[in-house]
Amino acid sequence: MNEKHWPILGVQHVARHAFVGFWERLYTGYDEEFYQTNIGQPLTPERIADWFAWKNGRPLSAKKIRTIRRYLSLDERIDRDAGTEALQKFLNRPGGAIWRIFWLHLQHPEHFPIYDQHVHRAMAYLQGWPRLEIPRQNPAKVRAYLENYRAFFASFKDGNPRRADRALWSFGKFLRTEYAHVFREPFRL
């Protein structure tokens, strides 16, 4: 190997679109073909079950199947223009904040981004927050989503929202690795 071609890992600050392009290429999360094929399609009982198995990363347990059956009810639909109070009530119903936010995304994918521990961690880091981890309690997760994440995610509006989601997920997941310390410690010569 030529002395001029030894690779190293470094941190470089770039524009938002370059951040998305870099981290999105490292996405190894969920089945993207399934997402692209099914997003925006009618939410039939079978498709709802498939979506939540996709989100779960494996087949659903009997308890989780019972949980998602509630989404078949018309009471579990919400208007895309619902106000903050209605969204808070909707997202704080039984079923867990992350799954309920995912359900909201399935109903209105162009208006409500997916939210989980990884994208929260990415947002927290990029916003300079001292605490990177997602809140533990569902009401706090709902507040973080409604008050912080949606506005943060909207700042990516000049590109493809799904690419931004994948980039944030990849970066947030990376921040949990042993290699992420390069982002947290100052460089010393």
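- The six-membered or imidazole ring of His120 lies away from that of Tyr149, with a centre-to-centre distance of 6.0 Å or more.
- By the side chain to side chain contact (heavy atoms under 4.5 Å, CB included) test, Gln36 pairs with Glu32, Arg162, Arg166, sequence neighbours left out.
- In summary, of the residues considered (Leu104, Leu87, Ile134), a side chain to side chain contact (heavy atoms under 4.5 Å, CB included) with Tyr145 occurs for Leu104 alone.
- Not counting sequence neighbours, the partners of Phe22 by the side chain to side chain contact (heavy atoms under 4.5 Å, CB included) test are Arg25, Leu26.
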task: Apply ring-ring contact (aromatic ring centres under 6.0 Å, His included) to Trp51 and Tyr35, showing your working.
output: CA-CA 8 Å; Trp51 269 118; Tyr35 183 91; 5.6 Å; yes
Side-chain donor-acceptor distances from residues 62-69 under 3.5 Å, at least two apart:
residue: Lys64; atom: NZ; partner: Asn56; partner atom: OD1; Å: 2.8
residue: Thr67; atom: OG1; partner: Lys63; partner atom: O; Å: 3.1

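- Between the Arg70 side chain and the Pro94 main chain, a donor and an acceptor come within less than 3.5 Å of each other.
- Remark: the backbone N or O of Leu74 is not paired with any side-chain donor or acceptor of Tyr71 at under 3.5 angstrom.
- Put simply, the side chain of Asp116 gets close to the backbone of Val119: a donor and an acceptor are under 3.5 Å apart.
- Tyr30 places a side-chain N or O within donor-acceptor distance of the main-chain N or O of Lys55, the cut-off being under 3.5 Å.
- Applying the 6.0 Å contact sphere to CD of Glu110 captures more than 12 heavy atoms from other residues, nucleotides or ligands.
- Here the straight-line distance linking atom CG of Leu91 with atom CZ of Arg143 works out to 12.5 Å at 0.5 Å rounding.
- The structure places CD1 of Ile48 at 9.0 Å from CD of Glu46, a figure rounded to the nearest 0.5 Å.
- Counted within 6.0 Å of NE2 on His17, heavy atoms from surrounding residues, nucleotides or ligands total 12 or fewer; the atom is thus considered open.
- Minimum heavy-atom separation, Ala49 to Leu60: O-CD1, 4.0 Å.
- With sequence neighbours excluded, the residues that form a side-chain hydrogen bond (donor to acceptor under 3.5 Å, both in side chains) with Arg47 are Asn38.
- Closest heavy-atom contact between Gln107 and Glu76: NE2-O, 3.3 Å.
- A cation-pi arrangement, defined by a distance under 6.0 Å to the six-membered ring centre and an angle within 45 degrees of its axis, is present between Arg16 and Phe156.
- Heavy-atom contacts from other residues, nucleotides or ligands closer than 6.0 Å to CD of Glu85 number 12 or fewer.
- Residues that satisfy the ring pair (Phe, Tyr, Trp, His ring centres under 6.0 Å) test with Phe171, not counting sequence neighbours, are Phe19, Trp23, Tyr125, Phe183.
- With sequence neighbours excluded, the residues satisfying side-chain hydrogen bond (donor to acceptor under 3.5 Å, both in side chains) with Glu133 are Arg121.
- A donor-acceptor pair under 3.5 Å is absent between the side-chain atoms of Arg150 and the main chain of Phe112, judged by distance alone.
- No more than 12 heavy-atom neighbours from other residues, nucleotides or ligands sit within 6.0 angstrom of CD on Glu33.
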